[in-house]
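Notes for the one structure printed next.
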Amino acid sequence: MIKKLTLKTTPNKILLITLRHLGDTILTTPLLSTLDTAFPSAQIDVLAYKNTASILENNPSAHQIITVTNQPSINEYKALFKKIFRQYDLVVATQTGDRPFIYSLLASSTRLSVVPQKTQKGWWKRYFLQGWSEFDDSNTHTVLQLLKIADIINVNKIFHLTPPYQSTDLNVLPKTSKNYAVIHIYPLWTYKQWTRPGWLEVAKHLISSGITVILTGGPNPDEIKHVSEFQQLLPKGAINLAGKTSLAELTHIIQNAKLFIGPDTGTTHSAAATGTPTIAIYGPTNPIKWAPWPINYNKDQNPFQKTGNQVVNNVY
């Protein structure tokens, strides 16, 4: 269910609010591209968490990335409010939470957002918005959920994801042929982890097949330790880059790989967006809602079902 809005004038400044984790943030990039295509002369700023803004590095549709910490201090709130207060012709909020809602109220008099269904807490927020779409947490992929905002203002949808982009040569990757696979074994949430024996079997199979294995991970000390311990269980030759690359550099590495394998994590979403063959290991996360978006998939329908092994374009 949506409430449509006819814009009386073309917006010159737009703020997209996406206070999400890495994977959630990259799934907003089709909406960002949609707004950029619909309003090519507009300046589009993005408000994101400081620790996830790097997933938007060098995004051509974003004029400016405004960052805020997950738990802002009073002074941070004051600085942010001063920066966004009534500075925009249009605000698009991608979440139903209170904080994005309040930021949208401050930033513009014309606001679009996802809202809770009427049976859920916060349903009343729709009455403070000029256009809205109801949130579905079970049967609509996140990309499609966010693109319903395009239906509100009746503009054409852009379905492709834009991963972070690294324009310079990389020095972090040891000299090796492009005959390598990238394995990312550590998700943000423990319940999304696959078993160590499963990962070992996969990595050893790749190595025995003559493919170099590159292990990746973020800067979290626990993650670096986890990946390092895993590397020690593998035959010599596996390369460990955990904590040694930016997200943009990591995307560049994945883009040139023969294969990427990972769980439900932001890196897996980014990998799928590069076009590299991507094996995503899911459970218990609902892939209808959160599966990686396949490259060149331009349909306004969910790419994956809830259960079973499936293949759509480059995503397995």
Side-chain angles (χ1 to χ4, degrees), residues 1-18 20 23-48 55-65 88-96 100 104 107-115 126 129-137 139-165 269-270 272-275 288-304 312-315:
M1 184 175 180
I2 67 172
K3 177 187 177 182
K4 291 201 170 188
L5 170 68
T6 300
L7 295 173
K8 295 180 180 179
T9 59
T10 300
N12 292 316
K13 291 186 68 178
I14 301 172
L15 179 66
L16 178 67
I17 302 174
T18 173
R20 297 168 170 264
D24 311 58
T25 300
I26 195 172
L27 293 178
T28 67
T29 59
L31 176 58
L32 178 57
S33 298
T34 293
L35 294 171
D36 187 29
T37 302
F39 308 110
S41 61
Q43 171 186 314
I44 304 177
D45 295 341
V46 180
L47 176 59
I55 200 74
L56 299 170
E57 183 176 345
N58 290 322
N59 189 301
S61 296
H63 172 79
Q64 177 184 199
I65 309 298
Y88 295 93
D89 305 307
L90 176 67
V91 171
V92 177
T94 63
Q95 300 149 273
T96 62
S104 71
S108 179
S109 59
T110 305
R111 302 174 292 272
L112 312 178
S113 182
V114 181
V115 298
R126 65 189 65 199
L129 301 165
Q130 286 62 53
W132 49 262
S133 66
E134 283 190 341
F135 178 69
D136 172 25
D137 197 30
N139 300 308
T140 306
H141 194 282
T142 300
V143 167
L144 299 180
Q145 176 74 71
L146 296 175
L147 285 176
K148 287 182 183 294
I149 291 174
D151 295 328
I152 297 173
I153 52 177
N154 197 32
V155 297
N156 293 329
K157 300 174 183 179
I158 305 298
F159 291 93
H160 72 265
L161 271 67
T162 305
Y165 174 66
H269 289 291
S270 187
T274 68
I288 291 177
K289 186 72 183 173
W290 295 108
W293 192 260
I295 196 78
N296 297 327
Y297 185 84
N298 300 312
K299 299 178 182 179
D300 205 350
Q301 63 186 54
N302 297 325
F304 294 101
V312 178
N313 298 352
N314 68 315
V315 176

Could you pull out all residues at least two apart from Ala107 that satisfy side-chain contact (heavy atoms from CB on, under 4.5 Å)? Leu15, Ile84, Tyr88, Val91

Could you report the tightest heavy-atom contact between Ile152 and Ser133, atom names first, then the distance? CD1-N, 3.8 Å

Just distance, no hydrogens or angles: give the donor-acceptor pairs under 3.5 Å from side chains in residues 288-296, sequence neighbours left out.
from: Lys289; atom 1: NZ; to: Asp136; atom 2: O; distance (Å): 2.6
from: Lys289; atom 1: NZ; to: Thr140; atom 2: O; distance (Å): 3.2
from: Trp293; atom 1: NE1; to: Phe159; atom 2: O; distance (Å): 3.1
from: Trp293; atom 1: NE1; to: Tyr297; atom 2: O; distance (Å): 3.2

Shortest non-hydrogen contact from Pro164 toward Ile26: CD-CD1, 4.4 Å

Non-hydrogen atoms of Ile17 and Pro100 that approach each other most closely: CD1-O, 3.7 Å

Side chain to side chain contact (heavy atoms under 4.5 Å, CB included) test vs Trp132 passes for just one of Leu5, Val115, Leu112, Thr96, namely Val115

Taking all non-hydrogen atoms of both residues, which atom of Pro60 and which atom of Asp36 are closest, and how far apart? O-OD2, 4.3 Å

Which residues pass the salt bridge (charged side-chain N to carboxylate O under 4.0 Å, His left out) test with Glu57, sequence neighbours left out? none

Pairs involving residues 23-35, ordered by first then second residue, that meet salt bridge (Lys or Arg N to Asp or Glu O under 4.0 Å) (sequence neighbours left out): Arg20-Asp24

Report yes or no: does Ser104 contribute a side-chain atom to a donor-acceptor pair with the main-chain N or O of Arg111 at less than 3.5 Å? no

Ignoring hydrogens and angles, tell me if any N or O in the side chain of Thr34 forms a donor-acceptor pair with the backbone of Ile158 under 3.5 Å. yes

Please name the pair of heavy atoms, one in His269 and one in Leu161, separated by the smallest distance, quoted to 0.1 Å. O-CD2, 4.3 Å

Just by distance, do the side chain of Asp89 and the backbone of Asn12 share a donor-acceptor pair under 3.5 Å? yes

Is the backbone N or O of Ser61 less than 3.5 Å from a side-chain atom of Asn59, with the two atoms forming a donor-acceptor pair by type? yes

Could you pull out all residues at least two apart from Ser113 that satisfy side-chain contact (heavy atoms from CB on, under 4.5 Å)? Ala93, Leu129

Please collect all side-chain hydrogen bond (donor to acceptor under 3.5 Å, both in side chains) contacts where either partner lies in residues 144-159, sequence neighbours excluded, each pair once. Asp151-Lys157, Lys157-Asp300

